[in-house]
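See structure below.
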Amino acid sequence: RAVVVTTAIEYPRMSGEECVDFEVMEADWRHLPRSMDDIVSGLARGRKVEVDTGRLADRLEALQVQLTEADVEEMRLLGADLGAAIAEAAHAVQVGDTEYAAVGHIANAYLKRRIDPIALMVAFDGRASEHRHPLPRVDHEGRLKRWMLMGTVGRRKGL
């Protein structure tokens, strides 16, 4: 049995678009992390489950590092470049474009600034109001009519 456990914010997209062949269970965001833990415990039915706050916590914490002053400065520069790239991409999108064309504009703007495009999310019009983290859809019938939602994650130099 394969089950996808997600938060309420991701549930509509996961159940309706991304994981349609799986059972998708929704954890109430108001009670995180307990609501997620309760679902996982119910699914495990007493079997051992590893979590990042359990016996692996010390090992995982040891892998974390503190940012240096140079890292902080690089983050500032990255933030400015991310903002400029998103603005450039948003201005390049035209009425009638597909969601994939919009993602292409974001990727292009990121790559010319040496930003790794880690996550590129776009939705148009009504679909944008349904999903806060929308992956572009190739089978989505609509093209941009009035407005769009863009969400991204970019990385440069490991940050």
Exercise for the section: Working to the nearest 0.5 Å, report the span between CG of D58 and CG of L63. Expected result: 11.0 Å
Problem - Student check: side-chain heavy atoms of D38 and R34 closer than 4.5 Å - result: yes
Fill in the blank from the handout: Members sharing M121's hydrophobic cluster, built from side-chain contacts under 4.5 Å between Ile, Leu, Val, Met, Phe, Trp and Tyr, are L135
Problem - salt bridge (Lys or Arg N to Asp or Glu O under 4.0 Å) involving E74 - partner list, sequence neighbours excluded - result: R156, K157
Problem - ILVMFWY cluster membership beyond V4 - transitive side-chain contacts under 4.5 angstrom - result: Y11, M14, F22, V24
Problem - Side chains of V3 and V5 in contact at under 4.5 Å (non-hydrogen atoms) - result: yes
Problem - With R55 via salt bridge (Lys or Arg N to Asp or Glu O under 4.0 Å) - residues at least two apart - result: E50
Exercise for the section: List for me each residue that meets salt bridge (Lys or Arg N to Asp or Glu O under 4.0 Å) alongside R45, sequence neighbours excluded, and say none if there are none. Expected result: none
Handout entry: Any residue meeting salt bridge (Lys or Arg N to Asp or Glu O under 4.0 Å) with E10, in chain and number order, not counting sequence neighbours
Key = R13
Practice task
Answer yes or no: is there a donor N or O on one side and an acceptor on the other, between the side chain of R127 and the main chain of F124, under 3.5 Å?
Solution key: no
Handout entry: Any side-chain donor near an acceptor of the partner, D71 and T68, under 3.5 Å
Key = yes
Handout entry: More than 12 heavy atoms from other groups under 6.0 Å of CZ on R59
Key = no
Problem - Donor-acceptor contact present, side-chain D97 to main-chain Q94, <3.5 Å - result: yes
Problem - W147 atom CH2, over 12 foreign heavy atoms within 6.0 Å - result: yes
